[in-house]
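First up is the structure itself, then whatever we jot down about it.
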Protein chains: 2
Amino acid sequence: MRLVIARCSVDYAGRLSAHLPLATRLLMVKGDGSLLIHSDGGSYKPLNWMSPPCTLEVGVPDDDAREAGVDAVWTVTHKKTADRLTVSIHEVLHDSEHELGVDPGLQKDGVESHLQKLLAEQIERLGDGYRLVRREYMTAIGPVDILATDADGASVAVELKRRGDIDGVEQLTRYLELMNRDPLLAPVQGVFAAQEIKPQARTLAEDRGIRCVVLDYDDMRGVDSGVPTLF
Amino acid sequence: MRLVIARCSVDYAGRLSAHLPLATRLLMVKGDGSLLIHSDGGSYKPLNWMSPPCTLEVGVPDDDAREAGVDAVWTVTHKKTADRLTVSIHEVLHDSEHELGVDPGLQKDGVESHLQKLLAEQIERLGDGYRLVRREYMTAIGPVDILATDADGASVAVELKRRGDIDGVEQLTRYLELMNRDPLLAPVQGVFAAQEIKPQARTLAEDRGIRCVVLDYDDMRGVDSGVPTLF
DNA sequence: AGGTACATATCGGCC
DNA sequence: GGCCGATGTGTACCT
């Protein structure tokens, strides 16, 4: 990895056009040739970047650019798309190279999978008499998070989200449409369950006859760990 | 901005739990105290990070950690949430501080908002006699990009995208379904307008009676003022 | 390889 | 500040 601190201006042409006026920034060149341009603020997203696979070429400025104070021009071109990043370097303040080696990578412990496990164990939170059929019930277009039955034994398909957005309602709608064509399952009722449900998602869901359930994650976790369940 | 190359392991606890085993990485400490941890590959997203507002504290390892080779422990805590990032530093290979100043920021061109503004001004591109009713026409499930009327005075809902994908057709379909239940608006015709429309999106749109219009952004910008827009 | 679902998303606009 | 839509989304997982 090469770290360069430089006064530079940047132009990007690809999905959109973008320009960074002259200022001092960090240029991070990774081992695969990709480039990240960071300022001293903002979030983890760079001001501008080029993702791999790409190649970096260092060139000399034309006469006009040299006159304007440009010392070198970096051109980063993507190998598959026509995306191009041009860095006009006016002054290099720092330049160092470092050997990092391959990273073993991040080990995650997810959230939705945990929420799904908890709801499967506490399926009665959806209503009295509810019973779990199975998690990740496979359909032709993908897995339904939870399949259950209500007190009358009718099928209930549950779509689970951390944040309930319109996309999740669409997803559940597709599953319901498919499952309701299966005479062994139909009629299938839909339940949209999330820690938080956006008003627009709720409107769309209820308009389609899908019930919305807000889950209290901390409460569910509390029941799970230690305290015995009611039955 | 402080740049540190170090052999370290990292633990994150917050929305989820995550762990990075011991390896050599770049630690980028920004002026606002935020921290980014990058490996020498991957995309622009760091392996791990803490977004501002947050504070970084440097502490000494406990006996067990010291025994395991830990030289220092950085603890980054978010000021609002309970998110916490712990970096156990085994060896520092590089450490430098740089003054970057405030960045003037990115200037973008070619985004949907600009396209929307141009089409609102040049609504006749959809057909003779078309008139703009309003941009961002609010419905219960979200704003329709442009509401217009055709030569006969009938309502037309326009969904605008830079790249016309299936998602955009679904979005417009939801709006149309809702608006066509409103006797004051119905019947509402749909127009799917984009710089580029994917074949699958076009097929779906036309199957649903939605008209597809490909927009020439450069041409529209030229008509707009003759003056280059942002830079 | 292509498509789907998820994410510690981030960012900007508007109410 | 919250809500909502767009992003040069990136990433893992599946067929």
Side-chain angles (χ1 to χ4, degrees), chain A residues 12-18 34 36-37 42-52 54 76 78 80-85 105-106 108-113 115-116 136 138-145 159-168 170-172 174-175 196-203, chain B residues 10-18 34-37 42-52 54 76 78 80-85 105-106 108-117 135-136 138-145 159-163 165-168 171 175 198 200:
Chain A
Y12 166 75
R15 297 283 288 270
L16 54 73
S17 300
S34 60
L36 279 61
I37 300 166
S43 64
Y44 70 69
K45 198 175 180 184
L47 293 165
N48 228 323
W49 72 93
M50 185 63 73
S51 305
C54 63
V76 189
H78 198 268
K80 293 183 174 178
T81 67
D83 290 29
R84 172 186 295 264
L85 200 59
L106 190 67
K108 280 189 186 185
D109 185 14
V111 171
E112 190 191 308
S113 62
L115 202 60
Q116 186 189 108
E136 302 286 349
M138 276 307 301
T139 72
I141 55 169
V144 176
D145 288 338
E159 178 61 37
L160 204 58
K161 287 276 180 271
R162 200 163 49 75
R163 286 174 47 192
D165 223 327
I166 269 183
D167 285 356
E170 293 288 9
Q171 195 177 338
L172 179 54
R174 288 196 298 272
Y175 291 142
E196 175 199 353
I197 295 180
K198 293 293 169 71
Q200 296 191 346
R202 178 181 291 273
T203 302
Chain B
V10 183
D11 285 282
Y12 167 75
R15 302 284 283 269
L16 56 74
S17 300
S34 59
L35 176 67
L36 278 61
I37 300 166
S43 66
Y44 69 70
K45 198 175 180 182
L47 292 166
N48 226 322
W49 72 93
M50 185 63 72
S51 304
C54 62
V76 189
H78 199 268
K80 293 183 174 178
T81 67
D83 290 29
R84 172 186 295 264
L85 199 60
L106 190 66
K108 282 188 186 183
D109 193 9
V111 294
E112 186 190 311
S113 65
H114 193 204
L115 204 58
Q116 187 189 109
K117 182 170 175 292
R135 291 166 59 185
E136 302 287 348
M138 279 307 301
T139 73
I141 54 169
V144 176
D145 288 338
E159 177 61 36
L160 205 57
K161 287 279 180 271
R162 224 164 18 78
R163 287 171 50 188
D165 225 326
I166 272 185
D167 285 357
Q171 195 177 341
Y175 292 142
K198 294 288 171 69
Q200 292 186 346

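Reminder, nothing fancy here: chain letters follow the sequence lines and each chain counts from 1. Everything numeric in this text was worked out from a predicted model, so none of it was measured.
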Between protein and nucleotides 10-15 of chain D, map the contacts as a letter string: B base, S sugar-phosphate only, - none, heavy atoms under 4.0 Å, written 5' to 3'.
SS----

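Here the C1' atom of nucleotide D/dG5 and the CG atom of B/Asp145 are 9 Å apart, to the nearest Å. Whole-Å rounding puts the A/Leu106 CG to C/dC6 P distance at 19 Å. Rounded to an integer number of Å, the gap from A/Leu16 CG to C/dC11 C1' is 13 Å. Between B/Gln171 atom CD and D/dG5 atom C1' the separation is 8 Å, expressed in whole Å. As rounded to whole Å, 13 Å separates atom C1' of C/dA9 from atom CG of B/Leu36. In this structure, the CG atom of B/Leu47 is 18 Å from the P atom of C/dA7, given to the nearest Å. Regarding B/Leu115, its CG atom lies at a distance of 17 Å from the C1' atom of C/dG13, rounded to whole Å. Taking atom NZ of residue B/Lys161 and atom C1' of nucleotide D/dG5, one finds them 8 Å apart after rounding to whole Å.
Using a 4.0 Å heavy-atom distance criterion, B/Glu136 is classed as making no nucleic acid contact. Heavy atoms of B/Arg84 sit nowhere under 4.0 angstrom from any nucleic acid atom. Among the heavy atoms of the strands, none lies under 4.0 Å from B/Met50.
Which of C/dA5, D/dA6, D/dG5 sits closest to the side chain of A/Tyr175 comes down to C/dA5.
For the pair A/Trp49 and A/Leu85, the minimum side-chain heavy-atom distance is 4.5 Å or more. Inter-residue side-chain proximity for B/Arg135 and B/Lys117 is flagged as met; some heavy-atom pair is nearer than 4.5 Å. Looking only at side-chain heavy atoms (C-beta outward), A/Tyr12 and A/Arg84 stay at 4.5 Å or farther from each other.
Mapping A/Tyr12 and A/Lys198 onto DNA chain D via the closest heavy atom, the residue that lands nearer the 5' end is A/Lys198. Both A/Leu85 and B/Lys80 sit near DNA chain D, but only B/Lys80 has its closest nucleotide nearer the 5' end.
Phosphate contact (OP1/OP2 of C/dA9, side-chain N/O of A/Arg162, threshold under 4.0 Å): present. OP1 or OP2 of C/dA5 lies within a sub-4.0 Å distance of a side-chain N or O belonging to A/Arg174.
Heavy atoms only, all atoms of each residue included: B/Gly42 and A/Ser34 are closest at O-OG, 4.2 Å. B/Leu106 and A/Leu47 make their closest contact through CD2-O, 3.6 Å (heavy atoms, listed as atom of the first residue, atom of the second, distance). When all heavy atoms are compared, the tightest approach of A/Pro143 to A/Glu136 is CB-OE1, 3.3 Å. For the residue pair A/Tyr175 and A/Val144, the shortest heavy atom distance occurs at CG-CG2, 3.7 Å. What you find for A/Leu115 and A/Leu160 is that their closest heavy atoms are C-CD2, 3.7 Å.
Remark: DNA chain C forms stems of 3 or more consecutive Watson-Crick or G-U wobble pairs, all pair distances under 3.5 Å, at C:1-7 with D:9-15, C:9-15 with D:1-7.
With sequence neighbours left out, A/Lys198 forms a side-chain contact (heavy atoms from CB on, under 4.5 Å) with A/Arg163, A/Asp165, A/Glu196, A/Ala201.
In this structure, B/Asp83 contributes its side chain and B/His78 its backbone to no donor-acceptor pair below 3.5 Å.
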